[in-house]
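Notes follow the structure.
Here is how names work: the chains are called A, B, and so on, in the same order as the sequence lines, proteins then strands, and each is numbered from 1.
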Protein chains: 2
Amino acid sequence: MTVRDVATLANISPEVVRYYSRIGLIKPQRNRKNGYKLYDASDISRLIFIRRAKTLGYTLKEIKNILSHSNTGTSPCPMVRRIIENRIDDNRQRLDDMLSLQTRMENAVEQWKHMPDGTPDGDSVCILIESFTHDNNMEVR
Amino acid sequence: MTVRDVATLANISPEVVRYYSRIGLIKPQRNRKNGYKLYDASDISRLIFIRRAKTLGYTLKEIKNILSHSNTGTSPCPMVRRIIENRIDDNRQRLDDMLSLQTRMENAVEQWKHMPDGTPDGDSVCILIESFTHDNNMEVR
DNA sequence: CTTGACCTGTGTGTTACACGCATGTTGTAG
DNA sequence: CTACAACATGCGTGTAACACACAGGTCAAG
């Protein structure tokens, strides 16, 4: 199978398949006649595995580790559990950050509703941004 | 003032100040003797403005636009309002995505609690990931 | 005068691709 | 049989906002 075929079967774009080959996530055979990459059923299941892992929040780097780990015959499962637990914590933190950003933005729009646009001078760039007051944490990431 | 001074006063790391100079967000003078960047009070207020804008979700690119827009004498406020309203929508979408990821990850960990680690063979890389069923009913907690 | 803290510019790495380039290959319509 | 579209190849660049490293120049104090 060629790139387009395997991409269609795995429901991925050919670009992504090429990218995964490039970074070593999949290792297709080669057609000796023309140098084209040759994919088989095992590549498809690997691609499907990668996509499943991605929907669970694993990064490509982590997936690569999982794959090569399992190639050595040892179970990647303990690693898989460890990673996802850390990711849950990280994600909760980022969610909190984004939620507070969302609140901040909504508050700003609300405050600005009753304010006119200002003309910039030497002291002021944009009175909206400069005048915005927020009560609690200013955290951004 | 030198980088370290202005960074301390604006409560930013010197690296970030250098980065902002590099991408043209601030344009410090130069010491003709040694080529060092020379910052003054206007740079500090610019840095503070940039940080305020960032806490409101504006990207550095957008902030650059806002700054140069206000340099032409026209009010950046309409643009500022437009950007934040779009950002609120985008952010809500990303929040939804991250929330569903969070739920998915938590469901996975829950399912996996009752499962043993598997040994990899030709057919299986990691039974945990492969067996995870993405049941939409579970998502509604 | 040496030392150490600071400055300079530039380059690389981070994530997961998207897109473009120049070039080589294949399949098919005329 | 050949022209041409549609595919393939590798490689390079760009994305956001820095962090960090490197090699070298500068400055104040002892």
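Contacts of A/Arg22 classified as salt bridge (Lys or Arg N to Asp or Glu O under 4.0 Å), with partners at least two apart in sequence or in another chain: none. Among residues two or more places apart in sequence or in another chain, the side chain to side chain donor-acceptor pair (under 3.5 Å) test is passed with A/Asp117 by B/Arg81. Not counting sequence neighbours, B/Thr2 has no partner by the side chain to side chain donor-acceptor pair (under 3.5 Å) test. With sequence neighbours excluded, the residues that form a side chain to side chain donor-acceptor pair (under 3.5 Å) with B/Tyr20 are B/Arg51. The side-chain contact (heavy atoms from CB on, under 4.5 Å) search around A/Ala108 returns A/Trp112, A/Phe132, B/Leu56, B/Ile84, not counting sequence neighbours. Remark: B/Tyr36 pairs with no residue by the ring pair (Phe, Tyr, Trp, His ring centres under 6.0 Å) rule, at least two apart or across chains. In terms of the side chain to side chain donor-acceptor pair (under 3.5 Å) criterion, B/Arg46 has no residue partners (sequence neighbours excluded).
Side chain of A/Asp96 to main chain of A/Gln93: no donor-acceptor pair is present (N/O by atom type, distance under 3.5 Å, no hydrogens or angles). In this structure, B/Glu106 contributes its side chain and B/Thr103 its backbone to no donor-acceptor pair below 3.5 Å.
A side chain to side chain contact (heavy atoms under 4.5 Å, CB included) with B/Tyr39 holds for exactly one of B/Leu47, B/Ile26, B/Leu9; it is B/Ile26.
Listed by residue number, the members of residues 82-97 of chain B with any heavy atom below 4.0 angstrom from DNA chain D form an empty set.
Using a 4.0 Å cutoff to heavy atoms of chain A, the contacted part of DNA chain C runs 5' to 3' from C/dA16 to C/dT26.
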With a cut-off of 3.5 Å and sequence neighbours excluded, list every side-chain donor-acceptor pair involving residues 119-128 of chain B.
from: B/Asp121; atom 1: OD1; to: B/Asp123; atom 2: N; distance (Å): 2.8
from: B/Asp121; atom 1: OD1; to: B/Ser124; atom 2: N; distance (Å): 2.8
from: B/Ser124; atom 1: OG; to: B/Glu130; atom 2: OE1; distance (Å): 3.0

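For the helix from C/dC1-D/dG30 to C/dG30-D/dC1, the rotation axes defined at the first and last 5 base pairs enclose an angle of 30°, given to the nearest 10°.
Between A/Leu60 and A/Ile63 there is a side-chain heavy-atom pair separated by less than 4.5 Å.
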Its contact letters, B for base, S for sugar-phosphate only and - for none at protein heavy atoms under 4.0 Å, make nucleotides 9-22 of chain D read BSBB----BBSB--
